[in-house]
Amino acid sequence: MIRNIKIISLVVILLSLCIMFFLTINDRYDINVQNEIIDNVFSMEITDGDDNLLRDFLNFKSVSYIDESYLGYIYIPRFNIKRIIKFGTDDDVLNAGYVGMHKLSGALDNDDLIILAGHNISNVFSKLHSISIGDFIYINTKKISRKFVVYDKQVVSEYDINYLENNRNKELLLITCTKVSGERLLVFLKEEL
């Protein structure tokens, strides 16, 4: 009986280690894929009419997973995090490890308030809780790079939407959940010109 318990315990431990290893490899793969896309797509200077150049470059690099819904990427230098931005904050976008652009957000390249959300998970917004006033965050697309500086952080109820009603220009708002159910962390940034 004791021998069977030891064997079952050993099998459970080995299975747990295999699952942890798989999740670690899967997370690293996702990070590497997004970083390759960022390096191969958004680091290029693309002007109007250069679509053929971009297509040829991507074919040369064998980057076959490029999605036309990639809007740009966010770079948080303090944590060396780069994540692709896609439109929408639904589960399909956020659960895939992307940063989602809220439906009330302005475009990444205009002066309206930009609203981005991401899960509180590794290499997305998990470290956002320790960001400081004065830290910088960059928003990059194929055509522009914008630099924003953190000026405020707040924790609000997930049902509080007052921060969406303010017509702030040249600002960035980052949203993620906290470890407390029903709360959201908001990070407010102003564009540094």
Side-chain angles (χ1 to χ4, degrees), residues 23-24 26-28 30-31 33-35 37-38 42-43 67 69-193:
L23 292 175
T24 301
N26 193 38
D27 188 44
R28 285 190 185 142
D30 178 56
I31 292 167
V33 167
Q34 285 206 34
N35 284 338
I37 292 168
I38 289 167
F42 296 107
S43 62
D67 184 335
S69 66
Y70 297 155
L71 303 174
Y73 71 95
I74 184 170
Y75 173 50
I76 307 172
R78 180 170 185 201
F79 310 119
N80 195 28
I81 292 175
K82 293 180 183 177
R83 294 311 271 185
I84 291 176
I85 301 168
K86 291 183 87 171
F87 186 77
T89 55
D90 58 0
D91 287 342
D92 291 339
V93 172
L94 299 183
N95 288 346
Y98 296 107
V99 171
M101 178 184 280
H102 193 277
K103 64 184 176 184
L104 297 177
S105 176
L108 298 178
D109 60 355
N110 70 25
D111 290 342
D112 294 334
L113 173 65
I114 299 170
I115 305 169
L116 302 177
H119 277 318
N120 182 5
I121 58 173
S122 174
N123 206 46
V124 180
F125 282 170
S126 66
K127 295 182 180 181
L128 204 55
H129 300 277
S130 58
I131 202 158
S132 300
I133 306 297
D135 283 348
F136 294 104
I137 292 179
Y138 295 85
I139 300 293
N140 298 289
T141 70
K142 294 176 194 171
K143 296 183 180 185
I144 58 108
S145 179
R146 299 175 73 183
K147 181 178 182 181
F148 295 86
V149 62
V150 176
Y151 72 87
D152 193 17
K153 288 176 22 178
Q154 296 177 16
V155 175
V156 299
S157 163
E158 68 181 318
Y159 303 109
D160 182 359
I161 58 169
N162 291 327
Y163 57 89
L164 297 174
E165 297 171 5
N166 190 335
N167 292 328
R168 297 180 300 273
N169 289 328
K170 296 187 179 193
E171 290 197 23
L172 171 63
L173 172 62
L174 304 178
I175 305 169
T176 193
C177 52
T178 68
K179 295 184 181 195
V180 177
S181 178
E183 288 185 350
R184 297 288 180 262
L185 171 69
L186 307 177
V187 177
F188 298 90
L189 302 98
K190 289 183 181 181
E191 185 168 17
E192 182 162 285
L193 303 174

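Computation of the quantities below employed the complete heavy-atom set of this structure, encompassing side-chain atoms and omitting hydrogens, waters and symmetry-equivalent molecules.
Atom-to-atom distance recorded for Leu185:CG and His129:NE2 is 5.5 Å, nearest 0.5 angstrom. To the nearest 0.5 angstrom, Leu174 atom CG is 4.5 Å from Ile74 atom CD1. Here CD1 of Ile131 is found 9.0 Å from CZ of Phe125. Values are rounded to the nearest 0.5 Å. For the atom pair NZ of Lys190 and CD of Glu171, the computed distance is 6.0 Å after rounding to the nearest 0.5 Å. The OH atom of Tyr75 lies 6.0 Å from the NZ atom of Lys82; values are rounded to the nearest 0.5 Å. How far CD1 of Ile115 is from CG of Leu104: 5.5 Å, rounded to the nearest 0.5 Å.
Checked by atom type and distance alone, the side chain of Lys153 never pairs as donor or acceptor with a backbone atom of Leu186 at under 3.5 Å. Asp135 places a side-chain N or O within 3.5 Å of a backbone atom of Ser132 that can act as its donor or acceptor partner. Using modelled atom types, one side-chain atom of Arg83 and one backbone atom of Gly97 make a donor-acceptor pair closer than 3.5 Å.
Considering only residues two or more places apart in sequence or on other chains, Asp112 meets the salt bridge (charged side-chain N to carboxylate O under 4.0 Å, His left out) condition with none of them. For Leu94, the side chain to side chain contact (heavy atoms under 4.5 Å, CB included) partners are Thr89, His119, not counting sequence neighbours. Shown here are the salt bridge (charged side-chain N to carboxylate O under 4.0 Å, His left out) partners of Lys147, two or more places apart in sequence or in another chain: Glu192. Among residues two or more places apart in sequence or in another chain, the side chain to side chain contact (heavy atoms under 4.5 Å, CB included) test is passed with Ile144 by Asp109, Thr141, Arg146. For Phe87, the side chain to side chain contact (heavy atoms under 4.5 Å, CB included) test picks out Leu71, Met101, Lys103, with sequence neighbours left out.
Smallest separation of non-hydrogen atoms from Tyr98 and Val124: O-CG1, 4.5 Å.
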Run the numbers on Tyr138 and Ile76 for side-chain contact (heavy atoms from CB on, under 4.5 Å), then give the verdict.
CA-CA 7 Å; Tyr138 295 85; Ile76 307 172; over 6 Å; no
side-chain contact (heavy atoms from CB on, under 4.5 Å) between Leu116 and Ile114: does it pass, once the steps are laid out?
CA-CA 7 Å; Leu116 302 177; Ile114 299 170; 3.9 Å; yes
List the steps, then state whether side chain to side chain donor-acceptor pair (under 3.5 Å) holds for Gln154 with Asp152.
CA-CA 7 Å; Gln154 296 177 16; Asp152 193 17; 3.0 Å; yes
For side-chain contact (heavy atoms from CB on, under 4.5 Å), just list the numbers for Ile85 and Tyr70, CA-CA rounded to whole Å, side-chain angles, deciding distance to a tenth of an Å, and then say yes or no.
CA-CA 6 Å; Ile85 301 168; Tyr70 297 155; over 6 Å; no
Mind running side chain to side chain donor-acceptor pair (under 3.5 Å) on Asn120 and Ser126 for me, showing each step along the way?
CA-CA 4 Å; Asn120 182 5; Ser126 66; 4.9 Å; no
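Annotation: side chain to side chain donor-acceptor pair (under 3.5 Å) contacts involving residues 172-183, sequence neighbours excluded, comprise Thr178-Glu183.
Here the options are Val156, Asp160, Val155, the test is side chain to side chain contact (heavy atoms under 4.5 Å, CB included), and the partner is Arg184; only Val156 passes. Just one residue in the list Leu172, Val99, Leu189 forms a side chain to side chain contact (heavy atoms under 4.5 Å, CB included) with Ile139, and that residue is Leu172.
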